[in-house]
Amino acid sequence: MSERSFTELAQKVLDHCVLERQNIPSQPIVKVIPREKEKDIGNIARPPQLPASIDTTLSNAETIFGYRVRMDHPKFFGFIPSPASDLSWLGEVLNSAYNTHAGSWFQSSGPSAVEKHFLSWLTRDIIRYPETAGGCFVSGGSMANLSALMLARDQKLSLEERSKAVAYTSSQTHSSLAKGLGILGFHPAQIRKVACDDSMRIDTTLLRSAIEEDKAAGKVPFLIVGNAGTTNTGTVDPFTELAAIAREQSLWLHADGAYGASALLCQARRAVLNGVELCDSISWDAHKWLFQTYGCGMVLVRHRKFLTESFGTTAEYTQDAAETAESLPNFWNYGPELTRPARAMKLWFSFQLLGLDAIDKAINRGFELAEKAQSSLQCLKDWEIMSPAQMGIICFRFHPPHVPAASLDDLNMKISQTAIEKNLAAPLTTRIRGVLVLRICSIHPDLSDEEMVAVINGLDQLAHLLLSRVSKDGIAE
Ligand SMILES: Cc1ncc(COP(=O)(O)O)c(C=O)c1O
């Protein structure tokens, strides 16, 4: 391709992307491909025999990507949204242009030095881990959790003990922990899901007795997982107490901070995570509340040498890139991947251009917006707060008198679905203590207070409209 035509092509692609990003707030939040249209995508999925034009290809890209949930829409409140900043996207563009293999120091000494120093800043200055700490960038929370679980297994269990080992999570722990334990060869019966107290925190009395019971039965407790922000309700487990139990029993303590650990970068809120620095390992996703594009996560550990003990490898064919000093790390020895992108670089790029004050403010906004949603709901009749605003998450439901309990779940599900259909907002649903609730995770910093109030008032109007259609047989279509 000639230099000129590549420049023109790149310009077109960039212009297309910039426009797309600028248009996010005015676009449908949720758009799933209708069954009859799926075939059309099949037709454009196949590679053509002869090259297509850039205009046709970009237009097809627009069609294809049109069918998605805009996880970065300010009114997408489901799961954990991805309020990716434009700067992260630009950092990704830069990163993929340089296309660094960030596995070894030899191949990537510049970006690896950034990764090392960035992780050192995060672990020592922000988490307040000791000098021995370190970490590794991975694709996201699931991989960070898996990596930490592997360290727990390798540091706490002999080969013979593995079949008798028991891990303790709460009933609210993210599914990626059970998946990770499964990948590592543990059987589901080796995971004890300890019940939570009234505020959805792990019940430490039950935890203590479960550990004693298992030990008496000849089992080998080895790991406690604490939640630094549960996905359901944003609840933080009592880390200081969990750390005391882990210390007494000589267990590994892992914090799943996939989304919640970001509160550590917000001066006004970081105290909610007190005690997290006592954990042996922490997962932290930058593609959640650090405003990065997918996939960007970190596993952070109190002792970085445990990472190399579990993940360090050598082979003849990598001898030219062998690690020559601990201070010049080969990150392929710190995590599961050999070939890996320089994920730290987009975080570095956006943090450089934003500055820590703006990041602190943007994280605080997530807290404030959930609190705003709560105070607006409290001004309305017939709404029940099922889990108060914490860590940018609030769960609630419409609960007018005289509606039969059996219809409440359907009614609230319908409120969520109708809000999405009307593009009012996308609060999805979850279950708390068996009850269906609406859930808002409000970590997109671009939403204003007024917009949040308008969303809550809009939900209220919808709810009353739907209520008028509730009969004893359910909600009329
Ligand atoms: C608390 C928690 N842990 C782990 C994960 C998994 O992270 P990822 O989807 O990046 O693999 C999530 C995802 O939402 C989460 O909320």
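Read the numbers this way: they start at 1 and go in the same order the structure lists the ligands and their atoms. As the structure is a computational prediction, the values presented were derived from the model and not from experiment.
The nearest protein atom to atom 9 (O) of ligand 1, hydrogens excluded, is given as Lys288 NZ, 3.7 Å; this is a heavy-atom distance. Among all protein heavy atoms, the one lying closest to atom 11 (O) of ligand 1 is Ser142 OG, 2.6 Å.
Listed by number with element, the atoms of ligand 1 under 4.0 angstrom from any heavy atom of Ile80 are 14 (O), 16 (O). The ligand atoms of ligand 1 that sit less than 4.0 angstrom from a heavy atom of Gly140 are 10 (O). Applying the 4.0 Å criterion to heavy atoms of Asp285 picks out, from ligand 1, the atoms 7 (O), 8 (P), 10 (O).
The pair Asp360-Arg269 fails the salt-bridge criterion, with no side-chain N (NZ, NE, NH1 or NH2) lying under 4.0 Å from an Asp/Glu carboxylate O. We find that Arg21 and Glu92 are not joined by a salt bridge, their nearest charged nitrogen and carboxylate oxygen being 4.0 Å or further apart. Remark: Glu241 does not engage Arg208 in a salt bridge, criterion side-chain N to carboxylate O under 4.0 Å. Using a cutoff of 4.0 Å between basic side-chain nitrogens and carboxylate oxygens, Glu38 and Arg35 are not scored as salt-bridged. Salt bridge Glu20/Arg68: present, at least one basic N to carboxylate O contact under 4.0 Å. Using a 4.0 Å cut-off between charged side-chain N and carboxylate O, Asp446 and Lys75 make no salt bridge.
Nearest-residue assignment for atom 12 (C) of ligand 1 (options Met143, Gln172, His287, His174; heavy-atom criterion): His174. Of all the listed residues (Thr231, Asp256, Leu146), Thr231 holds the heavy atom that lies closest to atom 16 (O) of ligand 1.
Checking only distances, Thr230 never comes within under 3.5 Å of ligand 1, N or O to N or O. Any N or O atom pair closer than 3.5 Å counts here, and Gly141 shares at least one such pair with ligand 1.
Contact annotation: Ser176 has at least one heavy atom less than 4.0 Å from an atom of ligand 1.
If you look at Asn227 next to ligand 1, there are no close heavy atoms at all, none under 4.0 Å.
Judged by distance alone, the side chain of Gln390 and the main-chain N or O of Thr233 form a donor-acceptor pair under 3.5 Å.
Trp383 and Phe398 have tilted rings, their planes meeting at an angle from 30° to 60° on a 0 to 90° scale.
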